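Worksheet: one structure, shown below.
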Protein chains: 2
Amino acid sequence: MPTTPAVPDGKRPTLAHVAARAGVSVALVSIVMRGAYGASATTRERVLKAAEEIGYRPDTRARVLRSNRSRLLGVQFGLRHPFHTDLVEGIYAAAEPAGYQVALSAVAPTRGERQAVEALLADRCEALVLLGPEVPAARLAHLATQVPVVSVARRLRPAPPAVDVVRTADDEGARQAVDHLVALGHRAIAHIDGGRAPGAADRRRGYRTAMHRHGLADHVHVLPGGLTEDDGARAARSLVAENPRPSAVLAFNDRCATGVLDTFLRAGVTVPGEISVVGFDDTSLSRLAHIDLTTVAQDIPRLAELAVGRAIARLDGEAVPEGEQVVPPHLVVRGTTAPPATD
Amino acid sequence: MPTTPAVPDGKRPTLAHVAARAGVSVALVSIVMRGAYGASATTRERVLKAAEEIGYRPDTRARVLRSNRSRLLGVQFGLRHPFHTDLVEGIYAAAEPAGYQVALSAVAPTRGERQAVEALLADRCEALVLLGPEVPAARLAHLATQVPVVSVARRLRPAPPAVDVVRTADDEGARQAVDHLVALGHRAIAHIDGGRAPGAADRRRGYRTAMHRHGLADHVHVLPGGLTEDDGARAARSLVAENPRPSAVLAFNDRCATGVLDTFLRAGVTVPGEISVVGFDDTSLSRLAHIDLTTVAQDIPRLAELAVGRAIARLDGEAVPEGEQVVPPHLVVRGTTAPPATD
DNA sequence: ACTGCCATCTAGAACGTTCTAGAAGAGGGC
DNA sequence: GCCCTCTTCTAGAACGTTCTAGATGGCAGT
């Protein structure tokens, strides 16, 4: 039996056990544990030593029960979306320095958004940060009557007054992608869209208006896509068959773009030689050396930071400005775009 | 203000509020909420109605505090690993029917395993399920003195008595892959390994012994790899340069294999025409139509089920058999393997 | 000697739930 | 009438923490 910690009987050590061992009151141990004012240096040391010896660990449940603040941020995310998991990393990074804990609740095939949110609320989260929520806006508005709600990457229109929205300027991102391609000399630029996914409508619109602004209205070409590799691959197969073929494609997101890339490679269509490809999100996927995808970067750390900041501001009762917080994207040029082939 | 729920003052409704509204005692409401025996049908209905009306939601924190059981399973996973996120889905599916909740704690660049586990323990998880833990075995043994610990996919040798291990027979999986390739007629089969990642040593060993058994000791060829796409791509680039080139590759896992595939495609090496590729894990990645990877399937639902089952058995004080639980893998043949080119 | 103040410490209530023990009332059998 | 039993309900303690209000003692100023 390796280094058994001297737990009193068989249960988890509590403040009372520490207090008994250090010969002080429970309240004083609490003070020391919180690092609060009101204990002398010497007893502080003695208490900490006693706690260490019996392996005491504060019980967040009891702590939360007593102090009305749980300092707990509930985050709902999709296990399958790299964009979400990247955001979660950012949320951890933003929340912990601010003194907030993060409770994760995943959306999975067997576990809908409703269930995910219920679990967070039962856990006494003080605010909810929902990544790309797909429930009806009315449901979000209803939730927001109970607890501050931040919707990340999902635009709500008309915006319910109580729900905060943090998102990327998707239309602007699509515009940047088109501008980049046009500057390289492309004219026939297609867009593989995201259907009803959060952000898809804005990206589509951004693409359309940018094309118009460049006088390329005749070349507007939107293919039905989606947010998975499969969706991208399917759209790409239909592109390959086209004649004439566009010289560039803007995909809904990085996953979709990798599906496109792969199909092109298989079909012997060289990238960026014969056709340029642009993704969206700048997830870790696109940064991988063997994908090396030109993409519109969402500023994931910034989105995470704003979402957390907004939630905390609401909790602190600060008068937060109404309206969405929109983060500008920026194009990251990598290896999948080049001037079009000069026939 | 849309459908404000009639919360008493401004706080979260409690049992006492429901009790007051229904005109019964707090204890009775508790009975009804838990669905326990001891309330008549009519009052049960009345209480539920009252609870519904004021939007009551049980407080798991308080609940846990009182009943020593938290029925909470702590799961540590890596946000970046599809294999882990797939497992998490399985764990949700296995735990909830058994009446256990799942608390997730992610490992990320800014958040080490130590931190992840501390959070779970502070949250009163009754047992820990650690996915591919990389901390020293001694640390796991120490944790196991406080709470049941299940290590998934990480073998421990010598096995600390108190830590349960649930894993795939990695050596057997590698053997199956080699057998398959040999049956197709391959002889020069290389292995891109996983370095020190959990499971890597066993897969390497399985590969080696299988090669020996087929009399292909001379063709044993292990390239240093890793668990990301980049690692696979790097190894594949060195393979492409070899002469003669192996006719088949077994990659450490699916991510690694997709890196290999991509590099081959770029280099104009056809798969499976010139070279066959086998992955490991059968994550959702490999199933994607455009990757269509032959791979060794880990039985993810089964692993999840066993891990959860073991944890629960320990909690119920059942005398669980010592030793690891090893799940057999099975080969899934898809499009990246074929007989070698007949020169 | 009295007062006041500061630093240090403590008792006991509170948080929202579950659990134990038992009360109230309705019937049934003698 | 008495004793059971069964169902339905309730009072109050308990869980581990934090918070409020105060106790204690030392020191300084008058």
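Values below: all heavy atoms of this structure, side chains included; hydrogens, waters and symmetry mates excluded. In the text below, chain A, chain B and the rest are named by the order of the sequence lines, each starting its count at 1. Being a predicted model, the structure only gives us computed values, none of them experimental.
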**OP:** Please check if any side-chain donor atom of B:Arg46 sits under 3.5 Å from a side-chain acceptor atom of B:Thr42, or the reverse.
**Re:** no

Original post:
What does A:Arg34 touch in the nucleic acid at a heavy-atom separation under 4.0 angstrom: a base, only the sugar-phosphate, or nothing?
Top reply: sugar-phosphate

Subject >> Nucleotides bounding contact with chain A, strand DNA chain D, heavy-atom threshold 4.0 Å >> reply: D:dG16 to D:dC19

Original post:
Touch check for B:Ala39, heavy atoms < 4.0 angstrom, all strands: base, sugar-phosphate only, or nothing?
Top reply: sugar-phosphate

**OP:** Describe the nucleic acid contact of B:Arg124 in one word from base, sugar-phosphate, nothing, applying a heavy-atom distance below 4.0 Å.
**Re:** sugar-phosphate

Subject >> Position toward the 5' end of DNA chain D (nearest nucleotide), B:Ser67 or B:Ala27 >> reply: B:Ala27

**OP:** Determine the contact category for B:Ser40: base if any of its heavy atoms lies under 4.0 Å from a base atom, sugar-phosphate if only primed atoms, P, OP1 or OP2 are that close, otherwise nothing.
**Re:** sugar-phosphate

Subject >> DNA chain D: 5'-proximal contact among B:Thr43 and A:Arg66 (nearest heavy atom) >> reply: B:Thr43

**OP:** State plainly whether the residues B:Lys49 and B:Glu53 are in salt-bridge range, i.e. N to O under 4.0 Å.
**Re:** yes

Original post:
Roughly, in whole Å, what's the span from CG in B:Leu28 to P in C:dA24?
Top reply: 17 Å

Original post:
Which is true for A:Thr60 with a 4.0 Å heavy-atom rule: it touches a base, it touches only sugar-phosphate, or it touches nothing?
Top reply: nothing

Original post:
Between B:Val165 and B:Arg154, which heavy-atom pair has the shortest distance, and what is it?
Top reply: CG1-O, 3.6 Å

Subject >> Salt-bridge contact A:Arg57-B:Asp123 (side-chain N to carboxylate O under 4.0 Å) >> reply: no

Original post:
Do the side chain of A:Glu126 and the main chain of A:Arg71 share a donor and acceptor less than 3.5 angstrom apart?
Top reply: yes

**OP:** Under 4.0 Å between any heavy atoms, over every strand shown, what does A:Val64 touch: base, sugar-phosphate, or nothing? Just pick one.
**Re:** nothing

**OP:** Verify, without hydrogens or angle tests, whether A:His84 (side chain) and A:Gly78 (backbone) share a donor-acceptor contact under 3.5 angstrom.
**Re:** yes

